[in-house]
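Structure, as C-alpha cells:
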Amino acid sequence: MRATARAQPNIALVKYWGKSDVSRNLPAVGSISITLDELYTSMSVEFDGALPGDVLTVNGEDDEAMLARAGRCLDAVCGENRQRARIDSQCNFPIAAGLASSASAFAALVVAADSAGGREHTIAELASLAGGASGSAARSLYGGYVELENAGDDIVVTSLCSATDWPLKVVVAVTETGPKRVGSTEGMEISRKTSPFYGRWIEQQDADLAAARDAIAARDFAKLGEVAEHSCLKMHSIMWGSRPPLIYWNSVTLECMHAIRELRSRGVEVFFTIDAGPQLKAICTPGSESSVTDALSATTGVRDIMISGLGDGARLVGDD
Ligand code: DP6
C-alpha cells in the first residue's frame with residue numbers, strides 16, 4: 001500500500017501555453033520537451049484506511065495549498081473510492097519558480113499512486129492522467145526528447161529520442177527564488193481570453209513542432225535552437241500582450257538572454273528558453289558547458305547556477 005517514485009522536471013523547447021478544455025486540462029497545442037537528470041522530485045504515497053483525510057507534506061512541511069490537486073490526481077489514478085493517502089514529496093530544487101516542479105511532482109505522483117494502489121496502468125495511460133493534473137507533467141513520464149501531441153480529446157505522449165542518443169546539457173541561471181507571480185493555469189486562461197496574439201500562436205504551433213521534430217531527428221543543434229528560441233519568445237509575446245500583462249522576466253533574465261546571444265555570436269553552441277518564471281535555461285552541447293556556465297555565473301544578479309544532463313522518465317524507486 002506504499003510506493004515511492006522519482007521524476008525529473010522537463011523543459012519545453014516548443015512551448016505549451018493555452019488549454020482547449022480547462023475542466024479536463026487538455027492543452028490547446030502540442031509541445032516538445034527535454035527531461036532533465038539531476039533535478040528531481042521523489043514522491044511517496046501510502047494508502048491508509050485509518051486516516052481521516054489525505055495528508056501532503058512537501059519537503060517535510062504540510063502543504064494545504066496543493067492538497068486538493070494532489071487528491072484529485074490520486075482519485076484519477078486509483079478511483080474516487082480509494083483509501084485516504086499520506087503523500088510525502090521531496091524536491092531538490094526551488095518549487096513553483098518556473099523550474100517545472102509541478103511537472104516532476106505529478107509525474108512521480110501518478111507512478112507512486114499506481115503502484116501503491118495496486119493498479120497497472122500503462123505509461124501512456126499514466127501520462128494522460130498526469131496531464132490531467134498538470135499539462136507539462138505528462139511529458140516527465142518519458143525520458144530524453146519528448147513530444148506531447150494534442151489528439152483532440154486526449155493527449156498522446158511519445159519519446160522522440162533518448163537522452164543518451166543526444167546528450168545535451170542544460171545550465172539554469174536562477175535569477176530569483178520566490179514563488180512565481182501568476183501560476184501557469186491562471187496565466188494561460190488570461191492569455192486565451194485577452195491576448196491578440198493567441199489565435200496566431202495556435203495556428204503556427206504545428207509548423208514549430210514539425211521543425212523541432214526534424215531538428216531532433218537530424219541532431220541539428222542550430223535548427224533546434226532557432227525554433228526553440230522562437231517558440232519561447234512567441235509565448236512571452238502572448239504573455240506581454242495579455243490583459244493584465246504577464247511579465248515573468250526580471251532585468252537579470254534579460255541580461256542572461258543577451259549573454260547567451262553574445263556567446264552564440266562567438267561560435268558557442270547554445271540557445272536559451274524561459275518559462276513562466278524569471279529563470280533562464282541555457283541548452284548547450286557538452287563541449288560548450290563550461291563557457292556557458294562561466295558566462296552566466298559572471299552575469300550580475302545571477303543567484304545560482306544549476307547544471308543538468310538529460311535523463312529518464314518517471315519510475316518507481318522503492319516499494320514497501
Ligand atoms: C510555460 O504544465 O504548469 O512551462 O497544465 O495548468 O498545470 P498546467 O500548466 P503547466 O504549464 C507549463 C507552461 C510552460 C511551458 C511548457 O512547459 O510547455
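Model, not experiment: these values are computed from the prediction. Numbering of ligands and ligand atoms starts at 1, following listing order.
Nearest-heavy-atom check against atom 8 (P) of ligand 1 across His236, Glu189, Lys19, Glu186 picks out Lys19.
The atoms of ligand 1 that sit less than 4.0 Å from any heavy atom of Ala12 are 16 (C), 17 (O), 18 (O). Atom numbering of ligand 1 starts at 1 in the shown order; those under 4.0 Å from a heavy atom of Asn25 are 5 (O). Residue Ala276 has at least one heavy-atom neighbour below 4.0 Å for each of these atoms of ligand 1: 1 (C). Within the listing of ligand 1, atoms 7 (O) sit less than 4.0 angstrom from a heavy atom of Arg69. Residue contact check: Asp275 has heavy atoms under 4.0 Å from atoms 1 (C), 4 (O), 14 (C), 15 (C) of ligand 1. For ligand 1, the atoms closer than 4.0 angstrom to any heavy atom of Met235 are 1 (C). Counting atoms of ligand 1 from 1 in the listed order, those under 4.0 Å from a heavy atom of Met188 are 9 (O), 11 (O), 13 (C). Remark: ligand 1 atoms within the under-4.0 Å shell around heavy atoms of Ser136 are 2 (O), 3 (O), 10 (P), 17 (O).
Residue Val55 is found in a hydrophobic cluster whose other members, listed by chain and number, are Leu51; membership requires side-chain heavy atoms under 4.5 Å apart, directly or through intermediates.
Contact detail for Ala116 and Val45: the closest heavy-atom pair is CB-O, 3.6 Å.
The shortest N or O to N or O distance between Arg139 and ligand 1 is under 3.5 Å. Any N or O atom pair closer than 3.5 Å counts here, and Met239 shares no such pair with ligand 1. For ligand 1, the polar-atom distance check finds no N/O of Ser31 at less than 3.5 Å from any of the ligand's N/O atoms. Taking any N or O of Lys15, backbone or side chain, none lies under 3.5 Å from an N or O belonging to ligand 1. Of the N or O atoms in Thr185, one or more lie within a sub-3.5 Å distance of an N or O in ligand 1.
Using bins of under 30°, 30° to 60° and over 60° for the plane-to-plane angle, the ring pair Trp166/Phe221 lands in the perpendicular bin. Between Tyr248 and Trp17, the ring planes lie perpendicular to each other; the angle is over 60°, past the 30° to 60° tilted range.
In summary, the side chains of Asp154 and Ser128 do present a donor paired with an acceptor at a separation below 3.5 Å, with no hydrogens or angles considered.
Counting non-hydrogen atoms of neighbouring residues, nucleotides and ligands closer than 6.0 angstrom, the CZ atom of Arg219 exceeds 12 such neighbours.
The pair Arg200-Glu203 counts as a salt bridge, with a side-chain nitrogen and a carboxylate oxygen less than 4.0 angstrom apart.
Between the side chain of Glu46 and the backbone N or O of Arg2, no donor-acceptor pair lies under 3.5 Å.
With sequence neighbours left out, Glu269 forms a salt bridge (Lys or Arg N to Asp or Glu O under 4.0 Å) with no residue at all.
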